[in-house]
Amino acid sequence: MSSAAQHLIAGDLVAFPTETVYGLGADATNPKAVARIYSVKGRPNDHPLIVHIASMDRMGDWASEVPEYAIALARNFWPGPITLVLKRGELAGDFVTGGQDTVGVRVPDHVVALWLLEAFEKVGGKGVAAPSANRFGHVSPTTAAAVVEELADYLSKDDLVLDGGACAVGVESTIIDCTGLLPRVLRPGAISTAMIAEVTGLNTLSVNGGDEIRVSGSLENHYAPAAKVLLREVPMPGQGFIAHKNIETPEGVIRLASPSNDEEFAQILYSALREADTQGLSEVVVVQPIGIGIGIAIRDRLIRAAKGRESD
Ligand code: TXA
Ligand code: MG
């Protein structure tokens, strides 16, 4: 693992597992290395990146202002699937923040990610900038094989892909804007508004349309496979089908996943959508979960997937 940290120091890219999805990491203080993230992903470079750190002790390196409720969120949920958007500090260059005056910071909950981040800090690293390790416009990868499938043609020989198995959560982190008086959800994830309210004692706001903060993950057309995603149809023979286990598969329909609860739905969703593409299916019908915890995050991603293809 320390050799992976050396690769980061050298300016190479290191794709690594987190509990949410795989990230494509680079030294967050190295403009050239970070520029390679954008070219490998084919992503516009005004879309900000999340800086991954080994512990909340490092927040002060990246952020200039951390409100009390953000500290409560970090204490309660890190390591874990929540990203805090804070007023940026000196380390956070325009090349990481997309030119904004804020920075997204997260401590991921995965043993391989934490090893990498700790080893990187030991050799002088400050943080690892990492978007999801997919090409812009595709579904996030939740296995190392999916990362290789996405990016092998674009990585160089000195870049690495670390294999930490399948991601446990399966959808991207909850993103909270912590620059206002109240926490504001920019992207729903496994940490729900109810969980946030419980630890902060505050109401949470939700993102509104006319906002200037750029969360490209909040573009409407997002997180899509090549197959067309249909959300309100009865599946026909030859179409792919993803639905809770208790919903039967009609004759001739290709069942791609049968999760037994919303957590499992999140965990297998992206690999099931990838499987649709692998099988060359042109359409996938998904019966959306109705839960109000991670179910909200699943429906958010499905609605974007059904609308179009552009994604971080
Ligand atoms: O679970 C995750 O968050 C994964 C893993 C690898 O940590 N990362 C991830 O990164 O999903 P990415 O870049 O694919 O999506 C992050 C989203 C983007 O839509 C970006 O625009 C938004 O977070 N974002 C990052 N920094 C921001 C900031 N300072 N202000 C507003 N939005 C920000
Ligand atoms: Mg992404």
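Just so we're clear, the structure is a prediction, and the values are computed from it rather than from any experiment. Each ligand, and each atom within it, is numbered from 1 in the order the structure gives.
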Can you tell me if S140 has an N, O or S atom under 2.8 Å away from the Mg ion (ligand 2)? no

Ionic contact status for D101 with K87, cut-off 4.0 Å: yes

For ligand 1 and Y22, I'd like to know whether there is a polar contact (N/O to N/O, distance under 3.5 Å). no

Sequence neighbours excluded - side-chain hydrogen bond (donor to acceptor under 3.5 Å, both in side chains) pairs with any residue from residues 253-263: H244-D262, T249-R255, R255-S258, S260-E264

Short N/O distance, under 3.5 Å, between T102 and ligand 1? yes

Minimum distance, heavy atoms only, to atom 13 (O) of ligand 1: which one of K41, H47, R43 is it? R43

Are any of the heavy atoms in T97 under 4.0 Å away from ligand 1? no

Suppose I only count heavy atoms of S173 and a 4.0 Å limit; which atoms of ligand 1 are within that range? 1 (O), 2 (C), 3 (O)

Side-chain ion pair, R274 and D277, N-O less than 4.0 Å: no

Find all atoms of ligand 1 within a distance of less than 4.0 Å from any non-hydrogen atom belonging to H52, and give their numbers and elements. 5 (C), 6 (C), 7 (O)

Taking R106 first and then E19, would you say they form a salt bridge - that is, a charged N and a carboxylate O separated by under 4.0 Å? yes

Hydrophobic cluster of V234, others only, ordered by chain and residue number, side-chain cut-off 4.5 Å: none

Please confirm whether R88 approaches ligand 1 to less than 4.0 Å, judged on its heavy atoms. no

